[in-house]
Amino acid sequence: MAKNSSQTFVLTGATGFLGSHLMASLLRRGDRVVVLGRGSAAESLGARIDKLLAWFDLQARSGQIETAEVDLLKPLCGLDPDRYQALCTKSGQIIHCASDTRFSEQHRRESIATNVDSLGQIIEFAKNSNAPWFHYVSTAYAPGISSPYCPEAPVGSDRFVNVYEETKARAEQEVAARCTMHSLPFTIIRPSIVYGDSRSGRANRFNALYNHVKSLYYIREIYLNDLHDHGGHKSGAYGIYQDDTGVLHIPLRVAVAHRGHINLIPVDYFVSATLSILAHAKAGVYYHLTSDRPKTVEDLASYCESFLNIKGIEIVYGSIATADFNPPEALFKRFVEPYLPYLSETRTFARANTDAATAGLSPPEFTYDVFARCMDYAVRVNWGK
Ligand SMILES: NC(=O)c1ccc[n+]([C@@H]2O[C@H](COP(=O)([O-])OP(=O)(O)OC[C@H]3O[C@@H](n4cnc5c(N)ncnc54)[C@H](OP(=O)(O)O)[C@@H]3O)[C@@H](O)[C@H]2O)c1
């Protein structure tokens, strides 16, 4: 992208998957980034960001970054008044990427606190720092499930797949209301499911798509080891066997509610499209970062079989009684249950706003080559452990 001068961006969520990739791209093109985040139990925020800079090979850019450890549930973001005031003078566009990304109902209270309650403080900071823009990174699934067609428009649904979608929807409404009240221009950016870099295969978080493949990878390991431990037998229980070509056959039915798609975009597309949106943003506009060529669960199953050298995955439409599960099926379900609804999505997404802001940039097709590149990397780094 052609740029005349560097800008300052205030970024939350920089220690996460998407935020770290955005941070890296902003730094690479010469911008300054003020990171509002938190330390971990073991490390300060500064140390965490240094590690990320090393991962992106951007140590030389550390001078373009300033970090501030904040708590978005506390007044003045948990900072002392002088520090807060000083940060307010470094005004820039705000990209709010931090989020509780867990799907489970069990974390409802934390999800609401992180995704909804914290917006008051960050938008107050935007107002006090005269931020020219507030960009909210939401999800393509915030529109919920009342209608299968999702326009690039405010949420009109009160039915959701999980607490994550629900809190992201509430957050969008809160962002729109608060920013409008402060006359602060805002955008809502809604990515679908994001995987690693389609060109290099690299990623620094291995959730969502990776969870399915990782689960199958470990199930395969378990049964290969099992056959090996039984004197190198080629056959075991539950119809599991290794054929003469080395392929492991594991009868494994995966039940999904109905026919549908999995909508995936790579992180390099997320970053390029988001940077274009930041450059051509229109106030109050919603942008879908989604694929127009989503794959089916059968495509994904065949990718997994080829990559892992296994056979036997069968997609079942409907449900399977828990009592009928064989052990690999029970294991798989336990690993991936929260993600299963996204394997057979029927929701489709308008993209006119995004197409206009990005000159029609679209994500690359999720081919087997792209899949294998990303999974090769994930295996090489032991799924980020
Ligand atoms: N990844 C996807 O496929 C995807 C798809 C659609 C939308 N999105 C959206 O994109 C954004 C980034 O997602 P991601 O995949 O990068 O998530 P992620 O890897 O889970 O990172 C989440 C980020 O939010 C921060 N965060 C979480 N809880 C927090 C809290 N209570 N206080 C302060 N910071 C907190 C995390 O900080 P710590 O590192 O300190 O925990 C981390 O920086 C989110 O808004 C998400 O809803 C993601």
Side-chain angles (χ1 to χ4, degrees), residues 11-24 33 35-49 51-52 67-74 77-78 94-103 107 109-119 121-122 125 135-143 150 160-172 175 187-197 203-212 262-271 273-274 286-291 338-339 342 345 347 349 363 366 374 384:
L11 178 64
T12 69
T15 49
F17 179 35
L18 305 195
S20 62
H21 280 79
L22 268 181
M23 173 182 76
V33 181
V35 168
L36 304 185
R38 59 184 183 178
S40 65
E43 286 175 314
S44 67
L45 175 63
R48 297 179 73 195
I49 294 293
K51 271 195 183 155
L52 283 166
T67 57
E69 295 206 9
V70 298
D71 181 343
L72 296 180
L73 292 173
K74 291 193 175 150
C77 303
I94 297 193
I95 309 171
H96 186 40
C97 207
S99 181
D100 190 324
T101 51
R102 294 172 295 185
F103 292 174
H107 298 112
R109 205 173 45 82
E110 296 101 305
S111 294
I112 293 174
T114 300
N115 296 352
V116 186
D117 299 344
S118 64
L119 289 166
Q121 280 304 319
I122 186 73
F125 176 80
H135 304 285
Y136 179 63
V137 180
S138 182
T139 163
Y141 302 103
C150 304
F160 303 96
V161 167
N162 52 39
V163 68
Y164 169 70
E165 289 186 4
E166 182 190 329
T167 56
K168 296 299 277 187
R170 282 176 60 185
E172 286 191 2
V175 166
T187 66
I188 305 283
I189 298 172
R190 290 176 173 164
S192 58
I193 301 167
V194 188
Y195 62 92
D197 190 304
N204 53 5
R205 288 273 169 115
F206 301 92
N207 299 325
L209 169 69
Y210 293 92
N211 235 58
H212 302 284
I262 174 163
N263 201 303
L264 296 160
I265 60 167
V267 72
D268 44 306
Y269 169 75
F270 165 78
V271 169
T274 299
Y286 293 63
Y287 298 94
H288 284 169
L289 306 188
T290 52
S291 168
Y339 301 100
Y342 297 98
E345 266 297 335
R347 283 176 276 189
F349 305 97
F366 186 61
C374 291

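When a ligand or atom number is given, it counts from 1 through the structure's own listing order.
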N or O pair under 3.5 Å between Pro191 and ligand 1:
no

Ignoring angles and geometry beyond distance, decide whether Leu18 reaches within less than 3.5 Å of ligand 1 through its nitrogen or oxygen atoms.
yes

Quick one: [atom1] on [X] to [atom2] on [Y], what's the gap to the nearest 0.5 Å?
X	Y	atom1	atom2	result
Thr15	Arg38	OG1	CZ	7.0 Å
Arg170	Ile112	CZ	CD1	5.0 Å
Ile49	Glu43	CD1	CD	10.5 Å

Among all protein non-hydrogen atoms, which one is nearest to [atom], and what is the separation to 0.1 Å?
atom	result
atom 38 (P) of ligand 1	Thr15 OG1, 3.5 Å
atom 41 (O) of ligand 1	Arg38 NH2, 2.9 Å
atom 17 (O) of ligand 1	Thr101 CG2, 3.5 Å
atom 6 (C) of ligand 1	Ser192 O, 3.1 Å

Can you name the atoms of ligand 1, numbered from 1 with element, that are less than 4.0 Å from a heavy atom of [X]?
X	result
Ile193	3 (O)
Thr114	28 (N), 29 (C), 30 (C), 31 (N)
Val137	9 (C), 10 (O), 11 (C), 45 (O)
Arg48	38 (P), 39 (O), 40 (O)
Lys168	44 (C), 45 (O), 46 (C), 47 (O)

Could you check Glu172, Lys168, Arg190, His96 and say which one makes a side-chain hydrogen bond (donor to acceptor under 3.5 Å, both in side chains) with Tyr136?
Lys168

Could you tell me if any non-hydrogen atom of Gly37 lies under 4.0 Å from any atom of ligand 1?
no

Pair [X], [Y]: side-chain N/O donor-acceptor within cut-off below 3.5 Å:
X	Y	answer
Asn204	Ser20	yes
Ser99	Asn115	yes
Asn263	Tyr141	no

Taking the minimum heavy-atom distance to atom 24 (O) of ligand 1, which of Ala113, Ser99, Ser138, Ala140 ranks first?
Ser99

Identify which of Tyr164, Phe17, Tyr141 has a heavy atom lying nearest to atom 8 (N) of ligand 1.
Tyr164

Of Val267, Leu52, Val194, which meets side chain to side chain contact (heavy atoms under 4.5 Å, CB included) against His21?
Val267

Quick check: are there more than 12 heavy atoms from other residues, nucleotides or ligands sitting under 6.0 Å from CZ of Arg48?
yes

